[in-house]
Amino acid sequence: MLDRLFSPKRMAALEESIADLANSCIDRFAVRGACDFSVEFANPFPAGTFLRLLGLPIEGLDEFLRMKDDVIRPGGADEDAANQSRQRAGAEISTMFQMALAEREAESRDDLLTHLVGLERQGDLTRAESINICYLLLLAGLDTVSGTLECAFALLARRPDLQRVMADPESIGPAVEELLRWIVTSPAQARVVTDDVTVEGVHIPKGTKVTALQATINFDPARFTDPLTLDVERSPNRHATFGVGVHRCLGSHLARIELAVALREWHRRIPSYQLPDGYNVTYTPALRGVENLQLQFAT
Ligand code: HEM
């Protein structure tokens, strides 16, 4: 039901507005010659895209980022404080979705919320399901793109040869696929086995909780020539970074556009950049990203 709302054609229509977002982030630090890439680009850029996709006001970006962080990684002195912070932000976000959906009921617009209201009118969704969908998109579609951008730029900052490749917009499509194959920001998925099964001689009884490491597919020599080499011209590139099977990523077309636009606009404006001297990149576990990635460039 939601696939058509995320089709390549629909997502391509957002490209110009996504490029505007990338440029408005870059405008804020381009003359400074340095940035905290995570705070100033990798986080606000996908969050802004999310607001545009849903049809929510971009002026609320800072407040939205605060609520999103309180839901995904709440601060607080202890677990109770963190849970309270998460619940408070969760309620604020739900209210925001509630109000925006009610507005679309009164007046249609060309945005995802209006489409959800349309599905409600046909009896395909309830209001609670629409809100859950918005929530799912927030949880699935922001930090995955942020983490991929952080890992990609941490890698590119150490590879001037690849920065030069990115200067050619024609090279960006295959490079995005290879960076996705290489980085795999969400490498493992939790599953419960629904039937007794034997995999490679190992019996796994029904009900067992397993972790499926789909990232390993990306480095399988039976599937990729020279899988441990980063080849930004690799083609074909049938990686499993967006998952496999029925739960495969709903937002893959949008993610690809976001990554391609970010690489294109960044390299058009900042063709050469590096890590500061003596700076060590710290990768985050679970959902792969980089903590406060610092970049420097000539102005
Ligand atoms: C580079 C960015 C992204 C990566 C690496 C990524 C990766 C994934 C993976 C691996 C799954 C499968 C999870 C599973 O099997 O349990 C998934 C599911 C999903 N993704 Fe993404 N994702 C990205 C961006 C996005 C974006 C931008 C959106 C939407 C705005 C999105 C929405 C979803 C949704 C809704 C699901 C659940 C699909 C289902 O359960 O049927 N993702 N994603």
Side-chain angles (χ1 to χ4, degrees), residues 1-14 17-18 46-74 82-146 186 189-195 206-207 209 212 242-258 287:
M1 183 167 51
L2 295 176
D3 273 345
R4 65 193 169 85
L5 301 183
F6 284 85
S7 67
K9 199 170 155 207
R10 274 193 170 280
M11 296 303 105
L14 291 172
S17 131
I18 293 176
T49 303
F50 176 84
L51 294 179
R52 287 266 160 87
L53 171 76
L54 264 70
L56 295 167
I58 197 73
E59 297 72 37
L61 179 60
D62 288 343
E63 180 62 3
F64 177 70
L65 279 168
R66 199 259 316 147
M67 294 191 284
K68 178 211 66 134
D69 280 341
D70 280 354
V71 167
I72 295 176
R73 56 183 86 77
N83 279 336
Q84 276 177 18
S85 172
R86 177 178 285 127
Q87 275 170 15
R88 203 171 34 244
E92 285 177 278
I93 290 178
S94 287
T95 306
M96 181 182 79
F97 291 148
Q98 284 272 16
M99 285 167 59
L101 285 162
E103 278 170 27
R104 299 310 182 279
E105 236 177 321
E107 193 189 338
S108 298
R109 295 192 206 159
D110 184 16
D111 58 30
L112 194 113
L113 291 174
T114 302
H115 285 289
L116 293 179
V117 168
L119 291 168
E120 288 176 16
R121 288 203 175 108
Q122 291 167 31
D124 292 333
L125 284 179
T126 63
R127 178 56 50 93
E129 284 168 339
S130 292
I131 292 172
N132 283 344
I133 288 168
C134 295
Y135 227 99
L136 172 66
L137 296 175
L138 179 150
L139 294 177
L142 300 186
D143 286 8
T144 42
V145 178
S146 304
S186 174
Q189 316 304 328
R191 293 287 188 268
V192 177
V193 176
T194 52
D195 251 320
K206 180 179 172 174
K209 290 179 181 165
F242 290 117
V244 286
V246 287
H247 291 293
R248 195 183 174 281
C249 181
L250 180 68
S252 62
H253 304 303
L254 177 60
R256 286 186 161 113
I257 292 175
E258 289 184 78
L287 194 73

Legend entry - Shortest non-hydrogen separation from Pro74 to Arg86 and the atoms involved: CD-NH2, 3.3 Å

Inset, instruction - Hey, could you give me each pair passing side chain to side chain donor-acceptor pair (under 3.5 Å) that has a residue in residues 89-98? Not counting sequence neighbours. - result: Arg66-Glu92

Inset, instruction - Determine whether the side chains of His115 and Arg10 contain a donor N or O and an acceptor N or O closer than 3.5 Å. - result: yes

Legend entry - Beyond-backbone contact of Leu139 with Val71, side-chain heavy atoms, under 4.5 angstrom: yes

Legend entry - Met1 CE: over 12 foreign heavy atoms closer than 6.0 Å: yes

List, one per line, each side-chain donor-acceptor pair under 3.5 Å for residues 47-58, sequence neighbours excluded.
from: Thr49; atom 1: OG1; to: Phe45; atom 2: O; distance (Å): 2.9
from: Thr49; atom 1: OG1; to: Glu258; atom 2: OE1; distance (Å): 3.4
from: Arg52; atom 1: NH1; to: Ser17; atom 2: O; distance (Å): 3.3
from: Arg52; atom 1: NH1; to: Ser17; atom 2: OG; distance (Å): 3.4

Legend entry - Approximate separation, where rounding is to 0.5 Å, of Leu101 CG and Ser130 OG: 5.5 Å

Legend entry - Main-chain N/O of Glu105 paired with Arg121 side-chain donor or acceptor, under 3.5 Å: yes

Inset, instruction - Give the minimum heavy-atom separation between Glu129 and Asp124, together with the two atoms involved. - result: OE1-O, 4.2 Å

Inset, instruction - Please round to the nearest 0.5 Å and tell me the distance separating atom CZ of Arg104 and atom CG of Leu113. - result: 5.0 Å

Inset, instruction - Indicate whether any N or O donor in one side chain lies under 3.5 Å from an N or O acceptor in the other, for Thr126 and Glu120. - result: no

Inset, instruction - Grab the two heavy atoms, one from Phe97 and one from Leu138, that are nearest each other, plus how far apart they are. - result: CZ-CD1, 4.2 Å

Inset, instruction - For residues Val145 and Ala255, report the shortest heavy-atom separation together with the two atoms involved. - result: CG2-CB, 4.4 Å

Legend entry - Pairwise distance CZ(Arg88) to CG(Asn83) - rounded to 0.5 angstrom: 11.5 Å

Legend entry - Shortest non-hydrogen contact from Ala89 toward Asp70: CB-CB, 3.4 Å

Inset, instruction - Verify, without hydrogens or angle tests, whether Asp111 (side chain) and Thr114 (backbone) share a donor-acceptor contact under 3.5 angstrom. - result: yes

